[in-house]
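Written below as structure tokens is the structure these notes are about.
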Amino acid sequence: MLRRFLRARELDIEKASKMFLKYLNWRRTFVPNGFISESEITKNIEHNKLFMQGRDKLGRPIVLVYAARHFPTTVDEFKRYVVYTLDKIISRMPSGQEKFIALADVGGWGYTNSDIRGYLAALSILQDCYPERLAKMFMINAPYIFMTVWKVIYPFIDNKTKKKIVFVEKKKQLSTLLEDIDESQLPEVFGGKLELVPIHEA
């Protein structure tokens, strides 16, 4: 854990220490029981928008998010949902593995799914409290309308995270994903062979 925080701050001990102490304080207050129960995030679970199955070629867990299934709830519940999912992903990581791969399917996303406050809160949690956990995020089927919101969010993404985000061309979708993920480990919806498993059932 300490190595991850150091890497997130370019091995600057002072900056990494401040970041780590801030994380410990946040964890103590936001997750006092040590975990988020499903009873605290019922509305977000009902959306059935996040799935986890398979591993990429390096053994990293694969997470699939359907952006068009997200509908704004309270920011507090969504933050708890983000923590719940990240903790769930980490608990499924094999020994020696620290990162995961995300497939974000943005197809069908519209303004009813727009949740800038929620997106920024999720981004803050990922970057500040779970540094160096995201290996790569593939943005798939992104409609033009989504890019208007993306322009708002983009400035808040740190440079390290920006380098991990890949917008996938429709015509090269399968070939791009197969560079990192074997067909046997890719969800069926993207041309692979694995059925979707909701995060709360994984």
Side-chain angles (χ1 to χ4, degrees), residues 1-20 22-23 26 49-52 55-68 70 72 75 78-79 81-83 85-87 89-90 93 97-109 111 113-181 186 190:
M1 181 180 286
L2 292 176
R3 285 198 302 268
R4 287 191 294 100
F5 277 85
L6 278 167
R7 289 198 299 268
R9 289 297 177 264
E10 305 292 345
L11 303 183
D12 185 309
I13 294 176
E14 184 176 352
K15 290 181 179 179
S17 297
K18 288 181 178 178
M19 184 185 187
F20 184 62
K22 184 178 179 181
Y23 159 76
W26 166 83
K49 58 194 169 190
L50 201 147
F51 302 81
M52 180 169 65
R55 296 176 182 173
D56 75 348
K57 293 178 180 179
L58 297 179
R60 299 173 295 200
I62 300 169
V63 179
L64 167 62
V65 182
Y66 278 116
H70 172 72
V75 174
F78 185 57
K79 286 164 65 175
Y81 179 72
V82 171
V83 172
T85 57
L86 288 171
D87 285 351
I89 294 165
I90 292 167
M93 288 182 176
Q97 187 55 260
E98 295 184 315
K99 300 185 178 184
F100 68 94
I101 293 284
L103 308 179
D105 188 339
V106 199
W109 185 94
Y111 284 126
N113 310 113
S114 182
D115 184 14
I116 292 178
R117 290 179 63 201
Y119 298 154
L120 292 178
L123 181 63
S124 176
I125 290 173
L126 178 65
Q127 294 182 162
D128 300 337
C129 304
Y130 295 82
E132 295 297 301
R133 285 297 192 184
L134 177 66
K136 186 180 288 188
M137 176 179 282
F138 293 97
M139 304 294 287
I140 303 167
N141 300 322
Y144 178 78
I145 192 173
F146 174 77
M147 301 311 295
T148 58
V149 171
W150 181 252
K151 291 177 182 177
V152 176
I153 299 170
Y154 191 76
F156 294 93
I157 305 175
D158 67 36
N159 290 329
K160 275 180 166 286
T161 304
K162 286 176 180 176
K163 294 176 182 177
K164 300 173 182 178
I165 299 172
V166 178
F167 278 85
V168 181
E169 292 182 40
K170 183 67 176 178
K171 294 180 180 179
K172 299 180 180 179
Q173 179 176 293
L174 183 58
S175 61
T176 299
L177 295 177
L178 288 177
E179 290 179 10
D180 288 86
I181 306 168
L186 193 65
F190 296 127

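Bear in mind the structure is a predicted one, so any value in this text is a computation, not a measurement.
Closest heavy-atom contact between Arg60 and Ile101: NH2-CD1, 3.8 Å. The shortest non-hydrogen separation linking Val82 to Ala122 is CG2-CB, 3.7 Å. Closest approach of Pro72 to Ser114, counting heavy atoms only: CG-O, 3.3 Å. For Thr161 against Gln127, the heavy-atom pair with the smallest separation is OG1-OE1, 3.5 Å. Contact record, Met93 with Pro61: CG-CG, 3.7 Å, taken as the closest heavy-atom pair.
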Would you please test Leu50 and Val63 for side chain to side chain contact (heavy atoms under 4.5 Å, CB included) and show each step?
-> CA-CA 7 Å; Leu50 201 147; Val63 179; 3.4 Å; yes

Take Tyr111 and Thr148 through the test side chain to side chain contact (heavy atoms under 4.5 Å, CB included) and record every step on the way to the result.
-> CA-CA 10 Å; Tyr111 284 126; Thr148 58; 3.5 Å; yes

From CA spacing to verdict: side chain to side chain contact (heavy atoms under 4.5 Å, CB included), Met139, Ile165 = CA-CA 7 Å; Met139 304 294 287; Ile165 299 172; 3.7 Å; yes

Worked check of side chain to side chain contact (heavy atoms under 4.5 Å, CB included) between Val149 and Trp109 = CA-CA 11 Å; Val149 171; Trp109 185 94; 3.3 Å; yes

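Between Ile125 atom CD1 and Leu120 atom CG the span is 11.5 Å, to the nearest 0.5 Å. With rounding to the nearest 0.5 angstrom, the OH atom of Tyr130 is 6.0 Å from the OH atom of Tyr23. The CD1 atom of Ile116 sits 12.5 Å away from atom CG of Leu123, with the distance rounded to the nearest 0.5 Å. In this structure, CG on Asp56 lies 11.5 Å from CG on Leu177, to the nearest 0.5 angstrom.
By the 6.0 Å contact criterion, CZ on Phe167 is enclosed, its count of non-hydrogen atoms from other residues, nucleotides or ligands being greater than 12. Other residues, nucleotides and ligands contribute more than 12 heavy atoms inside 6.0 Å of the NZ atom of Lys57.
Contact annotation: the side chain of Ile140 never approaches that of Val106 to less than 4.5 Å [non-hydrogen atoms, C-beta and beyond]. Side-chain contact between Arg7 and Pro131 is absent, with no heavy-atom pair separated by less than 4.5 Å. Counting only heavy atoms from C-beta outward, the side chains of Ile90 and Phe100 never approach each other to under 4.5 Å. Between Leu103 and Ile181 the shortest side-chain heavy-atom distance falls below 4.5 Å.
A tilted orientation is assigned to the rings of Phe78 and His70, their planes being inclined by 30° to 60°.
Checked against side chain to side chain contact (heavy atoms under 4.5 Å, CB included), Lys172 has the following partners two or more places apart in sequence or in another chain: Glu169, Ser175, Thr176. Annotation: side chain to side chain contact (heavy atoms under 4.5 Å, CB included) contacts of Ile13 (sequence neighbours excluded): Leu6, Ser17. Partners of Asp105 by side chain to side chain contact (heavy atoms under 4.5 Å, CB included), not counting sequence neighbours, listed by chain and number: Leu64, Tyr66, Asn141, Phe190. Residues passing the ring pair (Phe, Tyr, Trp, His ring centres under 6.0 Å) test with Phe20, sequence neighbours excluded: Phe5. In this structure, the side chain to side chain contact (heavy atoms under 4.5 Å, CB included) partners of Lys162, at least two apart in sequence or on a different chain, are Tyr154, Ile157, Asn159.
The one candidate from Arg3, Arg9, Arg4, Lys99 that meets the salt bridge (Lys or Arg N to Asp or Glu O under 4.0 Å) condition with Glu132 is Lys99.
Residues Tyr119 and Trp150 place their aromatic rings such that the two centres sit no closer than 6.0 Å.
Gln97 contributes a side-chain N or O that, together with a main-chain N or O of Leu58, makes up a donor-acceptor pair within less than 3.5 Å.
One finds a salt bridge joining Lys160 and Glu10 here, because a Lys/Arg side-chain nitrogen approaches an Asp/Glu carboxylate oxygen to under 4.0 Å.
Within the structure, salt bridge (Lys or Arg N to Asp or Glu O under 4.0 Å) contacts touching residues 133-147 (residues at least two apart or in different chains) are Lys136-Asp180.
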